[in-house]
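Within every chain, numbering begins at 1; the chains are lettered A, B, ... in the order of the sequence lines, protein sequences first and strands thereafter.
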Amino acid sequence: MTIDNIIIAGARNAVSELYDVRISEDQVTLQETRKEFEGQITIVSFAFTRFSKKSPEQTGAEIGEYLLQNTAQVTGFNVIKGFLNLSISDGYWIRTFKSEILKPEFGQFAANGKKIMVEYSSPNTNKPLHLGHIRNNLLGYSVSGILSAYGYDVFKVNLVNDRGIHICKSMLAWQKFGNGETPESSGLKGDHLAGKYYVLFDKEYKKQIEELRISGKTEEEAKRVAPIIVEAQTMLQKWEANDSEVINLWSKMNSWVYEGFDITYRKLGVDFDKYYYESNTYLLGKDIVNEGVEKGVFFRKDDGSVWIDLTNDGLDQKLVLRADGTSVYITQDLGTAQLKYDDFKMDESLYVVGNEQDYHFKVLFLILSKLEKEWAKGLHHLSYGMVDLPTGKMKSREGTVVDADDLIDEMVDTARQRTEELGKVDGLSEQERSSLYQMIGMGALKYFLLRVDPKKQLLFDPNESIDFQGNTGPFIQYTHARIKSVLAKAPHLLGLEITHTELTLSERELIILLGNYPKIIKVSANEYSPAQLANYIYELAKMYNKFYHEEPILKAAKEEERIFRLQLSSAVAAVLKKGMRLLGIDVPEKM
RNA sequence: GCACCCAUAGCUCAGCUGGAUAGAGCAACGGUUUUCUAAACCGUCGGUCACAGGUUCGAAUCCUGUUGGGUGUACCA
């Protein structure tokens with residue numbers, strides 16, 4: 001039983017005994033006592049005045065007195081306005097520290113027997129990854145870790161968008177302008193090579209549109225009849241007809257791109273249990289459409305196209321199959337959803353996709369539940385905001401993107417400079433140094449992106465480098481390294497029994513904050529929000545640094561203090577490390 | 001037009017069952033190292049929580065409206 005539950009139970013008994021009213025658990029509001037007052041847990045007792053018919057102060061005092069008499073852990077109280085501040089015995093905090101926080105599995109929930117699939121990344125194979133994709137990948141990876149810590153059995157999958165007109169654009173431009181260029185011959189990473197031709201296509205396309213307009217066509221018509229776009233469409237048709245030449249080109253370019261993606265994924269430290277490819281799934285979904293027509297959920301128009309009417313749900317009519325019988329995006333997604341369920345039989349499924357697709361997923365989930373798919377109620381969309389630049393939106397075609405590989409390299413390079421300036425690399429081998437720079441640079445980048453509420457759009461200014469001080473990844477990494485350095489000086493104290501009985505203010509605060517870790521995991525998991533966890537870890541690191549300055553650890557007067565403070569430090573380091581791992585960030589032993 | 005998301009310090013962000021005097025970091029200014037790592041710590045400066053109503057003992061938080069920003073509303077994916 002947690003202390004919160006003990007206090008809630010005590011408060012319910014108090015109200016029942018004193019005022020003869022039975023109240024439910026959620027009628028008792030608890031909060032942490034503000035720093036300026038004595039105590040650790042506060043009961044907000046305004047609501048109880050209804051039952052006591054007395055002033056908030058008097059009501060609080062009566063309940064406080066009751067708890068003091070009847071609840072062993074409560075050692076004192078004070079009432080300020082309607083706030084009943086309770087002091088909990090140091091013995092209780094120390095016992096909690098020893099019996100829970102110090103355990104290696106602290107923060108890992110028992111398996112809940114549920115399977116969840118997390119789909120993230122979902123790149124297009126016509127261009128390299130940019131900063132927006134980094135946010136997606138980090139969110140997906142981190143949420144997967146958090147869900148796993150919360151007790152889920154997690155499957156990470158990547159649905160690769162490897163077909164369609166946009167892929168043909170890169171292919172066509174390469175065919176026309178590439179002169180057989182390869183990653184080897186050009187020294188370009190495969191995904192960057194494909195991206196280069198995607199941009200070239202767009203340039204040529206725009207040029208042709210302009211020429212057609214000068215010759216008197218409307219913009220709309222020009223866009224439709226420009227030779228290069230017509231060629232790309234022809235190529236897509238050939239691809240769908242299994243034309244061997246097109247398929248070979250497609251395989252070749254895709255393999256370059258995958259090699260490039262793998263490098264970026266490795267640098268980001270993300271991975272997947274399974275890949276799905278749209279080239280395999282794009283024909284799926286037609287069975288579901290038929291099923292929907294039979295069930296009367298969908299209807300067919302005169303031209304043969306199939307629709308669903310969602311106007312009663314506040315949405316629009318939506319096309320689910322073209323008149324010529326071919327699939328649209330939502331058809332595919334219906335089919336893919338079924339396929340994924342058939343493969344994994346998961347209880348829940350999370351799609352990590354930008355908020356520009358909110359409407360799409362609303363429709364998708366609604367259709368599946370109308371089709372009476374039992375599993376549809378387990379589908380969720382982790383909708384995150386765009387990453388914007390001060391100049392506005394990033395656009396691949398126009399080259400106004402922050403490239404993922406460039407940014408990563410830059411971060412690692414900055415980490416190297418800072419670390420060398422601080423002279424912290426003495427005694428490290430070349431390899432240790434480079435792995436440290438990698439860890440710190442990526443830590444700064446990942447924390448920067450994950451500390452912000454996923455649903456908010458995020459501003460990135462390329463002219464202002466990401467900080468390494470204050471509320472940052474490196475600050476937390478530093479705190480971890482700092483603790484490790486102290487621990488290394490007296491390892492024998494870690495195994496000794498804690499006999500300490502009285503806590504200083506900062507010791508008590510640290511234990512309470514450490515004790516909140518499981519709650520934070522729960523909230524982060526339920527809300528799919530690594531930001532909650534990130535901000536918690538920062539608070540913990542900050543509080544530890546304060547403690548570190550205030551209290552001597554190895555230089556404490558009494559041995560029992562040295563033992564306790566060292567083990568407290570060790571527990572903080574463990575939670576920092578675990579928490580950061582769930583954000584996909586590693587922490588160094590030294591920095 | 002309609003729908004969804006967002007608006008808190010100069011900047012970037014916390015603030016989560018409605019609760020006490022709204023918090024951090026950065027930036028600016030000042031201080032702390034013969035003591036366990038100064039990527040740290042302490043202090044000063046900085047707020048009409050977009051605006052206007054409403055609900056409540058109590059609102060940054062809930063409701064309504066307005067303004068501003070973003071996104072969507074494709075037989076693109």
Under 4.0 Å, counting only non-hydrogen atoms across every strand here, what does Arg451(A) touch: a base, just sugar-phosphate, or nothing? base
Phosphate OP1/OP2 of A20(B) contacted by Arg34(A) side-chain N/O (<4.0 Å): yes
So which nucleotide from A40(B), A38(B), A77(B) ends up closest to the side chain of Gln357(A)? A77(B)
Sidechain N-carboxylate O distance under 4.0 Å for Glu240(A), Arg163(A): yes
Quick check for you: among U73(B), C26(B), A77(B), whose closest atom lies nearest to any side-chain atom of Gln469(A)? C26(B)
I need the Thr472(A) OG1 to Asp467(A) CG distance, nearest 0.5 Å. 7.0 Å
Test side chain to side chain contact (heavy atoms under 4.5 Å, CB included) applied to Glu278(A) and Val160(A), Asn161(A), Leu283(A), the passing residue: Asn161(A)
Whether Lys456(A) contacts A14(B) is assessed here as follows: a side-chain N or O lying under 4.0 Å from the phosphate OP1 or OP2. Is that the case? yes
Under 4.0 Å between any heavy atoms, over every strand shown, what does Ala490(A) touch: base, sugar-phosphate, or nothing? Just pick one. nothing
Would you mind telling me which of Tyr359(A), Phe361(A), Tyr120(A) makes a ring pair (Phe, Tyr, Trp, His ring centres under 6.0 Å) with His381(A)? Phe361(A)
Any N or O donor-acceptor pair under 3.5 Å from the base of C5(B) to the side chain of Gln457(A)? no
Within the structure shown, what part of the strands sits under 4.0 Å from Tyr538(A) by heavy-atom distance: base, sugar-phosphate, or nothing? sugar-phosphate
Pair of N/O donor and acceptor under 3.5 Å linking A20(B) base with Asn85(A) side chain: yes
How many Å lie between CD1 on Ile483(A) and P on A39(B), as a whole number? 15 Å
Would Tyr544(A) and Phe547(A) count as a close aromatic pair, with their ring centres under 6.0 Å? yes
What integer number of Å spans the C1' atoms of A77(B) and G10(B)? 41 Å
Given atom CD of Glu589(A) and atom P of C36(B), what is their separation to the nearest angstrom? 20 Å
Looking at Thr472(A) and A39(B), is any side-chain donor or acceptor paired with a base atom of the opposite kind under 3.5 Å? no
Students often get this wrong, so: under 4.0 angstrom with heavy atoms, is Asp388(A) touching a base, only sugar-phosphate, or nothing? nothing
Mind checking if Asp333(A) touches a base, just sugar-phosphate, or nothing, with heavy atoms under 4.0 Å? nothing
Atom-pair distance (CG on Asn471(A); P on A39(B)), nearest Å: 17 Å
Calculate the interatomic distance between Leu458(A) atom CG and C11(B) atom C1'; express it in whole Å. 14 Å
Is there a donor on the side chain of Thr479(A) or the base of A40(B) sitting less than 3.5 Å from an acceptor on the other? no
Can you sort out which residues in residues 317-328 of chain A have a heavy atom within less than 4.0 Å of RNA chain B? Ascending by number, please. Leu319(A), Arg322(A), Val328(A)
Regarding Glu421(A), tell me which of base, sugar-phosphate or nothing describes its non-hydrogen contacts under 4.0 Å with the strands shown. nothing
Candidates C13(B), C36(B), G19(B) - which lies nearest the side chain of Ile553(A): C36(B)
Checking Ile7(A), Leu30(A), Thr33(A) against Leu86(A) for side chain to side chain contact (heavy atoms under 4.5 Å, CB included), the one that qualifies is Ile7(A)
Between the base of A77(B) and the side chain of Glu356(A), is there a donor-acceptor distance below 3.5 Å? no
Measuring from the side chain of Phe46(A) (C-beta onward, heavy atoms only), which nucleotide among G19(B), U37(B), C41(B) has the closest atom? G19(B)
N/O (side chain, Lys81(A)) to phosphate O (OP1/OP2, U21(B)) under 4.0 Å: yes
Side-chain N,O (Lys362(A)) to OP1/OP2 (G72(B)) below 4.0 Å: no
Length of the CG-P vector between Asp316(A) and C75(B), whole Å: 11 Å
Have a look at Lys424(A) and say if it touches a base, only the backbone sugar-phosphate, or nothing, with a 4.0 Å heavy-atom cut-off. base
Within this structure, what is the NE2-to-C1' distance between His549(A) and A38(B), rounded to whole angstrom? 7 Å
When we call it a touch if two heavy atoms are under 4.0 Å apart, what does Phe468(A) touch: a base, just sugar-phosphate, or nothing? base
Within 45° cone of Tyr548(A) ring axis and under 6.0 Å: Arg482(A) NZ or CZ: yes
Could you note down all residue pairs passing side-chain hydrogen bond (donor to acceptor under 3.5 Å, both in side chains) where residues 322-337 of chain A supplies at least one of them, sequence neighbours left out? Arg322(A)-Thr326(A), Asp324(A)-Thr326(A), Tyr329(A)-Gln357(A), Asp333(A)-His360(A)
Report yes if a donor N or O on one partner sits less than 3.5 Å from an acceptor N or O on the other, where the partners are the side chain of Asn535(A) and the base of C16(B); otherwise report no. no
Between C41(B), C36(B), C16(B), spot the one nearest the side chain of Lys546(A), thanks. C41(B)
Have a look at Glu539(A) and say if it touches a base, only the backbone sugar-phosphate, or nothing, with a 4.0 Å heavy-atom cut-off. nothing
